[in-house]
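Have a look at the structure below, then the notes.
Positions are given from 1, in the same order as the sequence printed here.
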Amino acid sequence: MKREYTAAHWGIYEIDRQAPGGPDVRPLEQDPNPSPIGQGMVRASLDPALRVLRPAIREGWLEGRRPARRGAEPFVQVGWDQALELTAGELRRVIAAHGNQAIFGGSYGWSSAGRFHHAQSQIHRFLNALGGYVAHKDSYSLGAGRVIMPHIVASMDALMAQHSSWDTLVEHTQLLLCFGGASEKNAQVSPGGPGQHHLRSSLQAMARRGVEMINISPTRDDLDPQGAFEWLPIRPGTDTALILALMHTLVESGLHDRAFLARYTVGFERLEPYLMGHEDGQAKSARWAAPITGIPAERIRALALRLAQRRSLINMAWSLQRADYGEQPFWGLVTLACLLGQIGRPGGGFGVGYGPANTMGNKTRLFSGPTLDQGRNGVTSFIPVARIADMLLNPGGRFRYNGAWHAYPDIRLVYWAGGNPFHHHQDLNRLVQAWQKPDTIIVHEQYWTPSAKMADIVLPANTTFERDDLAYSKRERFMVYMSAMASSVGQSRSDYDIFADLAGRLGVQAEFTRGLDSAGWLRRLYEDSRQRAAAQGVSLCDYEQFREQGLIDLDQLAEPAPVTMLADFIRDPQAHPLQTPSGRIEIYSERIAAMELPDCGGHVRWYPAREGLGMQEAPDAFHLITDQPQTRLHSQLDHSHYSRQDKIQGRAPVCVHPDDARRLGLADGQLVRLYNERGACLAAVRLSEALMPGVLRLSTGAWFDPGRDARGRPLELHGNPNVLTRDAGASELSQGCSAQSCLVRIEPYAGDPPALSAFEPPPLR
């Protein structure tokens, strides 16, 4: 029997068309540790109960484009012709009256593992065919990191593609130091589907070899090598202070690698006076860092000495830069690794990071896979991705980004396909307010998500399992032909077919489609990728054979070789310079210093977090960690059985240390109200000794379910922590997301809680 495959962000799967109850999937045989998120994903995706079955228009918009009750009105279901005519007409009106700079092309999130039916590529290609749109830069996950790293060493994409491979770490690393852990739940995913999940088995292999492992984090369980490791609890947001103290100890002890600094870096002489206290009178010593971080000075000094005495790999989770001054811990990480002088040596250096995705640590031959050309954007205006509410609320307002001043455009139409802004954005109550500003909001959606309920025109899109596609991720072992498993549910269509129809109505069909249907595009994308692969020594089979076999094992076509990050640069920095102004690692950046920013200087510095002024001394203030969930990717598949079974009384669990629970009279499973000046949400207590006292952990991804409590106060009912997080840029350099700098209070919830409606469609007429 012919084998067929599909892919999702958390794995590659073999299709079982004979499964009881209809087609289903089973994990790929070659995957040593398949993600459990895939269990039940097909049933959840094809279940019509929460699907958008027909095009739907908000009642108030139909009656005169009234935005004021967006999110609180019924929808009128219409036919495709009417929906597309209304959509095309609104695009014509806005472009004619306000120009393409009045359109925001929103698309953010992991909408599909397929490379053609990737909503972000489709919507950007369509809007570019119309003349362009206001785009976003960077990502919520890596806003600060993506801006700072090219200034000091290399782009994040370049670094992620060349992380030292796991086999290199297993063989050569002696000490693995993790800031923020290396979490298996995060490493479940990659953009185009991981064929083999490596993190658990690799950490286990390192543990068996006797590699010393240390986790510096407010939470213990974001590192689990299935063996002994040391946990150093640290106050959230203080990692930069610890890194400075480690560097101070190395310099004070004469253990910094002067030869490495002289050959491969610039600017240490500008950092050293600050580090040693000659600049401001305060040495950044272990004694200075101890009361800031909560880690005793003697343990800081001992750790610095251990790092210098062993082949050490220092890893940092992305969560550290999702905070106030998020650039600083990444800059500090690279600088500390420079002082140790082990960058480019097998098993040493730094990682940014092992854990956030399955990609890092893989060694499959690198080449460019199938990619849909998005065309040229005729609009130059943009925003940093996390500044959408600022843009909508402050048209014409100025913002600073990466050394230049820009102005927010006046957005009249938001067109969104792929992603859920009412999951990943901060201060959702503020976003709700901002969401009332545009004339029209159009979304393509598969389900009645919070974003769909907050839109004006909802066009039903089908899912991965209802269309053919191609799956591929850099450094992943397999390329997959994704076979459709079912017909489209209801009247849903692919994003491509929707945009192709709209393009025809707007006179740009030839430019958008190039005369190809979906099947034609799949063939073209594969053949283009085949040529690029050949240039890298990877000989792919022809398209018909690929379709027939369904899976290509890239490691069998080109034997993978161990990877050591930045090895070429270290071997010959003249022949392989970095893409920094100096061609070397910039401990001090003249370019950043010349920007004269108040919150990001020319080298790594300690800045106390802004969040919590006036609350830090309160005994009932907690630092809230909003990490990636265990049972879903962001908010994807929150409606699945696997995600729902993790909840308590239907609400997301908030982890509380038992000592804090006893002090506040909280019991395991009890409903609680988390609140601060921005909002409040319900959650249910889950006692855990895996986090330090004074810290709460409420994972992201619960579908936004706004309501009110018995006193009429706004209350998110489902446990979405982004009603609590602050909507402010990490710094004037990056304007990145700062969600991890968040203080809250917690109290028992009295009385019967309001009923949940997160997984219910809106009223439909």
Side-chain angles (χ1 to χ4, degrees), residues 28 30-35 159-190 194-217 221-231 303 306-317 333 336-337 340-366 473-478 553-556 558-568 570-571:
L28 196 66
Q30 295 92 328
D31 192 347
N33 183 34
S35 167
L159 290 172
M160 286 189 281
Q162 61 171 306
H163 266 57
S164 297
S165 51
W166 283 113
D167 57 346
T168 300
L169 304 189
V170 170
E171 182 176 356
H172 296 284
T173 301
Q174 296 174 321
L175 191 157
L176 175 64
L177 175 64
C178 291
F179 286 89
S183 178
E184 182 181 0
K185 63 182 172 62
N186 297 346
Q188 293 180 91
V189 302
S190 69
Q196 293 180 304
H197 291 85
H198 293 292
L199 185 137
R200 175 191 287 183
S201 58
S202 299
L203 289 177
Q204 290 173 344
M206 294 176 76
R208 288 194 298 270
R209 266 203 67 245
V211 176
E212 183 179 2
M213 300 189 196
I214 303 170
N215 185 27
I216 297 175
S217 173
D221 55 3
D222 48 24
L223 180 69
D224 183 12
Q226 306 289 302
F229 70 96
E230 182 179 357
W231 177 36
L303 176 57
R306 286 151 69 189
L307 287 169
Q309 294 163 358
R310 293 164 171 78
R311 181 61 58 86
S312 300
L313 189 286
I314 312 172
N315 183 55
M316 185 168 285
L333 171 79
L336 174 59
L340 292 169
Q342 299 184 25
I343 295 172
R345 297 182 184 179
F350 66 92
V352 282
Y354 297 92
N358 189 66
T359 306
M360 281 70 82
N362 292 353
K363 59 179 182 177
T364 294
R365 188 73 63 87
L366 187 63
S473 277
K474 289 180 180 179
R475 292 290 191 192
E476 292 290 355
R477 178 176 172 180
F478 300 100
D553 187 339
L554 299 170
D555 284 357
Q556 290 185 356
E559 184 176 355
V563 179
T564 296
M565 188 164 71
L566 297 175
D568 288 343
I570 296 300
R571 185 174 61 254

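Rounding to the nearest 0.5 Å gives a distance of 13.0 Å between CG of N315 and CD1 of I214. Between the OG1 atom of T364 and the CG atom of D555 there is a distance of 3.5 Å, given to the nearest 0.5 Å.
Between R475 and L366 the shortest side-chain heavy-atom distance falls below 4.5 Å. The shortest side-chain heavy-atom distance between D31 and H197 falls under the 4.5 Å cut-off. Contact of the M206 side chain with the W166 side chain is registered, since non-hydrogen atoms from C-beta on lie closer than 4.5 Å. Looking at heavy atoms from C-beta onward, L199 lies out of side-chain contact with N186 at the 4.5 angstrom threshold.
Between L313 and F350, the shortest heavy-atom contact is CD2-N, 3.8 Å. Of all heavy-atom pairs between S164 and L169, the closest is CB-CD2, 4.0 Å. Annotation for M565 and L159: closest pair SD-O, 3.8 Å, computed over non-hydrogen atoms. The shortest non-hydrogen separation linking V211 to T173 is CG2-O, 3.2 Å. When all heavy atoms of P225 and A207 are compared, the closest pair comes out as O-CB, 3.9 Å. Nearest heavy-atom pair, P356 versus Y354, reported as atom, atom and distance to 0.1 Å: CD-C, 3.3 Å.
Checking Q226 against D224 by side-chain atom types alone, a donor-acceptor pair falls below 3.5 Å. Between the side chains of N33 and E184, at least one donor-acceptor pair of N or O atoms lies under 3.5 Å. No side-chain N or O of N358 forms a donor-acceptor pair with one of H198 less than 3.5 Å apart. Residues D167 and S165 bring a donor and an acceptor atom of their side chains to less than 3.5 Å of each other.
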* Asked: Do F478 and L554 pass the side-chain contact (heavy atoms from CB on, under 4.5 Å) test, and can you show the C-alpha distance, the side-chain angles, and the key distance before you say yes or no?
  -> CA-CA 6 Å; F478 300 100; L554 299 170; over 6 Å; no

* Decide side-chain contact (heavy atoms from CB on, under 4.5 Å) for H172 and T564; before the verdict, give the C-alpha distance in whole Å, the side-chain angles of both, and the deciding distance to 0.1 Å. => CA-CA 11 Å; H172 296 284; T564 296; over 6 Å; no

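One N or O on the side chain of R311 and one on the backbone of P346 form a donor-acceptor pair closer than 3.5 Å. Distance alone, capped at 3.5 Å, is enough to place a donor-acceptor pair between the W231 side chain and the S217 backbone. In this structure a side-chain-to-backbone donor-acceptor pair under 3.5 Å is missing from S183 to D222. A donor-acceptor pair is defined here as one N or O able to donate and one able to accept, closer than 3.5 Å; no such pair exists between the side chain of Q556 and the backbone of D553. A donor-acceptor pair is defined here as one N or O able to donate and one able to accept, closer than 3.5 Å; such a pair exists between the side chain of Q342 and the backbone of R310. No side-chain donor-acceptor contact under 3.5 Å links Q162 to the backbone of V563.
Taking the side chain to side chain contact (heavy atoms under 4.5 Å, CB included) definition, one finds that A205 meets it with V170, R208, sequence neighbours left out. K474 is linked by a salt bridge (Lys or Arg N to Asp or Glu O under 4.0 Å) to nothing, counting only residues two or more places apart in sequence or in another chain.
A salt bridge links E230 and R306; the closest N-O separation between the charged side-chain nitrogens and carboxylate oxygens is under 4.0 Å.
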